[in-house]
Amino acid sequence: MTDSNNRNFVSEIIDEHNESGRFEGRVHTRFPPEPNGYLHIGHAKSICLNFDIAAQYGGLCNLRFDDTNPAKEEQEYIDAITEDVRWLGYDWGDRLYFASDYFDRLYDMAVELIRIGRAYVDELSTDEIREYRGTLTSPGVESPYRDRPIAENLALFEKMRDGGFNEGEAVLRAKIDMKSGNINLRDPVMYRILDARHPRTGDKWKIYPMYDFAHGQSDSIEEITHSICTLEYEDHRPLYDWYLDNIEIFHPQQIEFARLNLSHTVLSKRKLIRLVQEGHVRGWDDPRMPTISGLRRRGYTPAAIRDFCDEIGVGKVKGVVALHKLEYHIRQDLNRRANRVMAVINPLKVVITNYPDDLVEEMEAVNNPEDESAGTRLTPFSKVLYIEGDDFMEDPPRKFFRLAPGREVRLRYAYFITCNEVIKDDSGAITELRCTYDPATRGGAAPDDRRVKATLHWVSAAHAVKAEARLYDTLFSVEYPERDSERDFTEFINPDSMKVVDPIYVEPHLRDAQIGDRFQFERLAYFVVDEDSKPEKLVFNRTVALRDQWRKHQNKAGKKRKQRRKR
RNA sequence: AGGGAAGUAGCUCAAUCGGCAGAGCAGGUGCCUUUGGAGCACAAGGUUAAAGGUUCGAGUCCUUUCUUCCCUGCCA
């Protein structure tokens with residue numbers, strides 16, 4: 001389904017390169033995550049872009065971890081990220097790389113820059129470096145250590161490497177231009193001393209390269225042609241280019257695109273990690289999280305995520321994509337692949353008064369009207385049933401076509417029934433409906449061609465399996481939780497983002513459902529079996545509700561009523 | 001003494017060399033239906049941020065203006 005032949009500004013740039021012969025027609029990209037958190041839907045956009053555009057041009061895409069800061073990075077994240085990229089359906093072959101693989105070569109490149117007089121060891125403190133850097137509107141001042149002799153720099157850099165300095169006592173800086181309007185060019189730090197154990201290189205290094213000094217050269221080493229990154233690196237491109245030009249190695253093209261923003265959620269690692277650490281969600285893979293693992297547990301499919309990324313395209317305009325677009329694509333995909341089943345979430349007991357007490361009939365039901373090969377199943381029907389509470393109204397408004405006193409509706413794949421009596425408890429709450437059925441309508445069709453306006457789902461009370469349902473809503477109750485400058489985004493967390501309903505009643509054959517199985521509960525929503533499920537206790541996550549015209553209608557009517565009242 | 005980037009329909013994006021401003025989604029109106037789902041049909045939606053210029057012709061080229069975003073980590 002995913003047809004990733006979208007034209008965009010990136011493919012235009014590649015076309016120009018192919019015409020000019022800059023990379024001899026080669027296209028080689030990379031996806032470069034830092035292993036300091038879990039991947040989210042925004043990363044999916046980048047993953048799809050990098051892998052798909054390479055594939056489009058018959059090229060390759062590497063997976064490379066940007067692991068230059070051991071203070072923040074962990075093996076757990078490396079494993080999770082690898083799994084997520086693979087789950088999305090992408091294959092990097094044997095090209096799994098780490099920036100840390102290049103630490104020796106990066107070190108040699110730094111020495112080379114010192115040798116040609118373009119890098120120096122600075123012993124200013126962190127605060128001093130910040131002061132000397134100047135501001136956005138005023139130039140910086142050169143460090144007193146800037147013009148040390150090359151030999152001294154060489155010796156000092158070695159001393160940094162060998163642990164002769166403590167953290168913060170010295171850095172290696174590129175000698176560029178303290179007066180540049182681009183602050184990244186005001187003698188940027190190349191290496192800092194970090195007293196941390198690296199997940200891959202262990203205790204070998206005391207010094208670690210900064211992102212800017214590692215990324216471009218890593219691209220170069222891997223002979224990446226198009227290094228695609230997000231817009232906030234636009235200001236870094238001159239530095240990216242400066243390192244490559246001065247070290248005189250293969251020079252990829254950096255291209256920046258607008259990262260994804262999604263309504264009703266947050267997509268920054270810093271904020272996502274807070275949601276996890278402060279306990280607002282149950283973990284990185286909480287089904288309310290916009291992480292890949294969260295979406296997976298929520299029941300999203302790789303295809304839906306890829307189609308979504310394909311639809312939103314790629315440009316240089318920062319915007320916010322409405323969440324309903326993501327939901328559109330998961331409905332689209334699940335409509336094709338999810339088997340239908342009947343389940344009642346808000347049960348209302350129905351007794352068919354003219355149905356034999358002990359009779360049980362097996363009704364044939366279609367598993368997936370969109371996919372004939374999914375076949376049919378048998379589901380039991382008996383005298384006492386549950387229907388959805390929302391499918392009955394004692395005093396229905398116009399346009400409510402479902403069950404009401406004296407009205408006839410169809411029970412899907414079963415019979416027409418007519419409601420004759422409403423039983424209530426002492427408080428006046430409806431506890432039971434007494435209905436009669438028409439035996440001639442078995443299977444749901446009337447021999448006399450009489451029509452009913454609604455078809456309801458149902459389960460047989462004696463046969464239904466009890467299960468738990470987790471009904472999710474948006475994690476935040478506002479569209480843009482980050483927009484308020486006074487209030488922290490966590491204040492906008494939706495208190496109803498998860499509602500647990502236990503029990504719900506599902507068709508008996510669902511007893512055998514396995515973790516990860518996806519279903520459409522007819523007329524309600526798509527659900528997936530959660531990993532918390534046990535054979536004796538199924539747990540379903542609501543992936544996404546079906547589009548609900550009735551509710552839309554109600555909301556509209558409600559608004560109109562309100563407006564009328566205002567007048 | 002600041003540097004960088006972006007403005008096309010409600011949202012996300014197209015528009016070939018300068019040649020009738022389009023699509024998907026959302027919203028609207030109908031149709032259909034053993035899911036009020038899915039599906040189908042139709043209509044609507046625009047001063048292309050603004051002004052000026054070049055041109056037979058400008059979303060596209062030039063000039064100016066406006067708005068929004070990013071940049072002062074030894075994070076990436």
Side-chain angles (χ1 to χ4, degrees), chain A residues 6-8 32-34 36 66-69 71-73 99 122 124-126 129-131 133-140 167-173 179-186 188-194 207-208 210-212 214-215 229-238 256 258 260 263 269-270 308 310-322 324-325 328-329 331-332 335-336 340 342 365-366 369-370 399-402 410-414 416 441 443-446 451-457 520-525 545-553:
Chain A
N6 279 344
R7 301 288 310 156
N8 57 51
E34 184 193 10
N36 69 342
D66 234 324
D67 56 347
T68 56
N69 185 0
K72 289 186 177 174
E73 296 154 6
D122 196 350
L124 250 26
S125 72
T126 306
I129 287 183
R130 182 167 43 243
E131 282 163 29
R133 186 157 36 227
T135 70
L136 293 178
T137 52
S138 62
E167 253 187 61
E169 286 182 348
V171 291
L172 184 71
R173 291 230 251 170
K179 296 182 181 64
S180 174
N182 182 345
I183 289 173
N184 293 303
L185 262 22
R186 318 240 260 232
V189 172
M190 295 162 58
Y191 269 92
R192 79 287 214 192
I193 295 160
L194 246 34
I207 57 172
Y208 292 91
M210 299 286 290
Y211 164 85
D212 288 301
H215 200 91
C229 60
T230 48
L231 250 29
E232 61 273 24
Y233 291 98
E234 276 173 330
D235 288 341
H236 293 246
R237 179 156 25 93
E256 309 87 11
L260 171 68
S263 73
K269 278 192 197 170
R270 216 191 82 249
F308 168 76
D310 206 47
E311 188 215 325
I312 60 175
V314 31
K316 295 187 77 113
V317 185
K318 296 177 194 182
V320 184
V321 175
H324 68 70
K325 289 198 185 198
Y328 168 84
H329 287 283
R331 284 194 191 103
Q332 198 78 2
N335 179 45
R336 266 179 259 122
R340 272 59 168 173
M342 293 193 285
V366 174
E370 305 292 320
K399 293 222 170 186
F400 182 90
F401 299 132
R402 290 117 100 166
R410 170 166 39 234
L411 294 181
R412 190 144 160 89
Y413 302 124
F416 285 12
T441 57
R451 316 283 279 193
V452 288
K453 281 198 161 173
T455 302
L456 309 189
H457 61 275
Q520 183 198 103
F521 290 1
E522 291 215 43
R523 305 206 307 134
L524 296 175
L546 296 181
R547 273 176 57 205
D548 188 344
Q549 303 289 336
W550 168 248
R551 199 203 292 165
K552 217 196 287 181
H553 218 271

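Letters A, B, ... are given to chains in the order of the sequence lines, protein chains preceding strands, and every chain is numbered from 1. When reading the values below, keep in mind they use all heavy atoms of this one structure, side chains included, and skip hydrogens, waters and symmetry mates.
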Test item: [X] side-chain N/O and [Y] main-chain N/O as donor-acceptor pair under 3.5 Å:
X	Y	value
A/Arg186	A/Ser180	yes
A/Arg133	A/Pro188	no
A/Arg340	A/Ala365	no
A/Asn182	A/Asp235	yes
A/Arg410	A/Gly444	yes

Compare side-chain N and O positions of [X] against OP1 and OP2 of [N] and report whether any pair is under 4.0 Å apart.
X	N	result
A/Arg402	B/G36	no
A/Arg186	B/G3	no
A/Tyr413	B/U34	no

Grab the [atom1]-[atom2] distance between [X] and [N] for me, whole Å please.
X	N	atom1	atom2	result
A/Asp310	B/A14	CG	P	12 Å
A/Arg451	B/C31	CZ	P	14 Å
A/Leu411	B/U35	CG	C1'	13 Å
A/Gln332	B/G24	CD	P	13 Å
A/Asn335	B/G37	CG	C1'	8 Å
A/Glu311	B/A23	CD	P	15 Å
A/Phe308	B/U12	CZ	P	11 Å
A/Arg547	B/C25	CZ	C1'	10 Å

Would you kindly compare A/Phe400 and A/Arg237 by the position of their nearest RNA chain B nucleotide and give the one closer to the 5′ end?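 It is A/Arg237, whose closest nucleotide lies nearer the 5' terminus.
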Distance between the [atom1] atoms of [N] and [M], in whole angstroms?
N	M	atom1	result
B/U60	B/G52	P	14 Å
B/U16	B/C42	P	27 Å
B/A9	B/U48	C1'	10 Å
B/C40	B/C32	C1'	8 Å
B/G73	B/U67	P	27 Å
B/C31	B/A38	C1'	14 Å

Using a 4.0 Å heavy-atom cut-off to protein, can you give one letter per nucleotide of nucleotides 69-76 of chain B, 5' to 3': B if the base is in contact, S if only the sugar-phosphate is, - if neither? SBBBSBSB
Could you check A/Lys269, A/Lys72, A/Glu73 and say which one makes a side-chain hydrogen bond (donor to acceptor under 3.5 Å, both in side chains) with A/Asn36?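 That would be A/Lys269.
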Find the partner of [N]: check Watson-Crick (N1-N3 plus N6-O4 or O6-N4) and G-U wobble (N1-O2, O6-N3) distances, both under 3.5 Å, and reply none if neither fits.
N	value
B/U67	B/A6
B/U35	none
B/A21	none
B/G28	B/C42

Report which part of the nucleic acid [X] touches: base, sugar-phosphate, or nothing (heavy-atom distance under 4.0 Å, all strands).
X	answer
A/Val320	sugar-phosphate
A/Lys325	base
A/Val314	sugar-phosphate
A/Glu370	base
A/Glu234	sugar-phosphate

Of the options B/A5, B/C11, B/A1, whose atoms approach the side-chain atoms of A/Pro139 most closely?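 Looking only at side-chain atoms, A/Pro139 lies closest to B/A1.
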Out of B/U35, B/U34, B/A6, which has the shortest distance to the side chain of A/Ala445?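 Between B/U35, B/U34, B/A6, the one nearest the side chain of A/Ala445 would be B/U34.
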Hey, is B/G30 sitting syn or anti, using the within-90° cutoff around 0?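 That one's anti.
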